[in-house]
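Data block below; observations after.
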2 protein chains.
Amino acid sequence: MVYERENLKHDSVGAWAKRLYFASRAVMDSILRPYELGSTQWYVLYRLANEGPTMQRDLVRMLQIERATLSGIVATLVRKGLVDQTPDSVDQRQRMLRITRSGKKLWKELPDPIDLILTTAFDGADPAELAIARRVLQTATQRLNNHILEGNQA
Amino acid sequence: MVYERENLKHDSVGAWAKRLYFASRAVMDSILRPYELGSTQWYVLYRLANEGPTMQRDLVRMLQIERATLSGIVATLVRKGLVDQTPDSVDQRQRMLRITRSGKKLWKELPDPIDLILTTAFDGADPAELAIARRVLQTATQRLNNHILEGNQA
DNA sequence: CCACAGTCGTTCGGTACCTAACAACATATT
DNA sequence: AATATGTTGTTAGGTACCGAACGACTGTGG
């Protein structure tokens with residue numbers, strides 16, 4: 001029946017994964033809004049504050065976003081004076097990113113939105129069920145990614 | 001240890017929910033790209049093709065997006081000549097949306113990306129595990145949404 | 001009947017993502 | 001050394017999301 005099929009769509013694991021992602025984003029955005037930071041800007045600061053100076057190119061791989069996307073985000077952080085971007089002395093194509101003094105100062109004031117989200121969402125949940133959910137999501141993601149790869153080959 | 005905590009973050013159900021969402025989006029975008037349609041544009045056509053004319057304001061609730069967002073999407077579809085937007089005769093504030101002849105023609109050619117995604121991602125998976133995953137995601141989403149509501153009250 | 005509050009759609013400015021094309025630079029090949 | 005190939009970052013153009021503010025309209029209380 002078409003009706004059953006439709007119900008399935010709206011109640012599938014995939015649909016709930018999307019809803020959870022959007023709920024998380026909403027919480028994260030609301031925490032970061034007072035500081036005028038977007039979520040990806042936060043991730044970049046997070047990395048630079050905790051792991052030290054990083055090549056922009058490595059950040060692309062770590063954050064799993066496109067070069068073009070990161071380019072704009074870095075430009076914003078530089079404009080705000082929170083991050084410093086300089087060409088690498090060895091390979092002049094690459095850019096070294098480094099948190100500024102003023103960036104460090106802001107970082108100290110910032111709450112950790114990820115901690116809050118994980119605590120709010122999953123505290124007290126059954127670890128066995130969490131493990132199953134994780135595996136289901138992981139498998140599904142893998143399958144979709146394989147599908148994309150195959151599509152590119154053909 | 002900080003290290004353990006970090007691992008947790010990157011391997012949490014939340015992180016996998018995000019990855020699954022992005023993998024799904026990538027598949028959906030790649031299917032729809034040849035037709036020059038975005039995913040939300042597809043949802044709007046889907047609704048208008050299968051359920052008939054709909055008030056723009058009801059679509060906001062069904063698709064769970066902001067009025068502002070839908071406004072732009074509808075404008076795009078109208079510009080492409082796929083959708084017709086007319087003021088309601090009773091309440092002149094509201095807009096009635098209706099698929100055009102040319103929209104219907106396009107719709108017939110379109111594959112169903114959601115079917116493909118669900119099949120690729122979950123076919124053959126253990127229904128019991130899917131049910132657990134669904135429940136875990138649902139509960140977490142609910143908790144985060146409650147947290148947002150409480151935040152708004154305070 | 002008229003001012004006021006609420007609803008609906010739009011516009012504006014901002015974030016975050018994508019692809020495609022490009023310039024600058026680095027390295028491998030001949 | 002000169003040319004071809006690959007990498008890195010940027011820019012341009014597009015989609016999709018958000019909040020805030022505004023105009024047009026509706027319905028209600030005084």
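FYI, side chains are in, hydrogens and waters are out, and symmetry mates aren't considered; it's all heavy atoms of this structure. Naming: A, B, ... by sequence-line order, numbering from 1 per chain.
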>> Rounded to whole Å, how long is the line connecting atom CD of Gln94(B) with atom P of dG23(D)?
In response: 21 Å
>> Measure CE/Met28(A) against P/dC18(D) and give the value in whole Å, please.
In response: 17 Å
> On DNA chain D, nearest-nucleotide positions of Lys18(A) versus Arg93(A): which is more 5'?
Replying inline: Arg93(A)
> How many angstroms lie between atom CG of Asp84(A) and atom OG of Ser102(A), to the nearest 0.5 angstrom?
Replying inline: 10.5 Å
> How long is the span from the CG atom in Asn50(A) to the CH2 atom in Trp107(A), to the nearest 0.5 Å?
Replying inline: 6.0 Å
> Distance only, no hydrogens: is a donor on one side chain within 3.5 Å (strictly under) of an acceptor on the other, for Thr54(B) and Arg47(B)?
Replying inline: yes
> Atom CE of Met55(B) and atom P of dT26(D): how far apart are they, to the nearest Å?
Replying inline: 12 Å
> For Phe122(A) and Ala140(B), which heavy atoms make the closest approach, and how far apart are they?
Replying inline: CE2-CB, 3.6 Å
>> A side-chain contact here means heavy atoms from C-beta on lying under 4.5 Å apart; do Leu116(B) and Met28(B) qualify?
In response: no
> Within this structure, what is the CG-to-P distance between Asp29(B) and dC17(D), rounded to whole angstrom?
Replying inline: 11 Å
>> My understanding is that only residues two or more places apart in sequence, or in another chain, count here; which of them pass side-chain hydrogen bond (donor to acceptor under 3.5 Å, both in side chains) with Asp29(B)?
In response: none
>> So Ala26(B), base contact, sugar-phosphate only, or nothing? Heavy-atom distance under 4.0 Å.
In response: nothing
>> Over 60° means perpendicular and under 30° means parallel, so tell me whether Tyr21(A) and Phe22(B) are parallel, tilted or perpendicular.
In response: perpendicular
>> By nearest heavy atom, map Gln92(B) and Thr69(A) onto DNA chain D; which one lands nearer the 5' end?
In response: Thr69(A)
> Can you tell me how far P of dC17(D) sits from CZ of Phe22(B), to the nearest Å?
Replying inline: 11 Å
>> If you assign Ser89(A) and Arg67(A) each to the DNA chain C nucleotide with the nearest heavy atom, which residue ends up on the more 5' nucleotide?
In response: Arg67(A)
> Taking atom C1' of dT15(D) as reference, at what distance in whole Å does atom OH of Tyr43(B) sit?
Replying inline: 15 Å
> 5' to 3' on DNA chain C, which nucleotides open and close the contacts with chain A (atom under 4.0 Å from a heavy atom)?
Replying inline: dT15(C) to dA26(C)
> Looking at DNA chain C, which of residues 70-84 of chain B put a heavy atom within less than 4.0 Å of it?
Replying inline: Ser71(B)
> Please give, in whole Å, the distance from dG9(D) P to Glu66(A) CD?
Replying inline: 13 Å
> Out of curiosity, Asn145(A) CG to Arg19(B) CZ, how far, rounded to the nearest 0.5 Å?
Replying inline: 10.5 Å
> What is the distance from CD of Gln85(A) to C1' of dT8(D), rounded to the nearest Å?
Replying inline: 11 Å
> If you take all heavy atoms of Leu137(B) and Val13(A), which pair is closest and at what distance?
Replying inline: CD1-O, 3.6 Å
> Any side-chain N or O of Arg57(A) less than 4.0 Å from the OP1 or OP2 oxygen of dG6(D)?
Replying inline: no
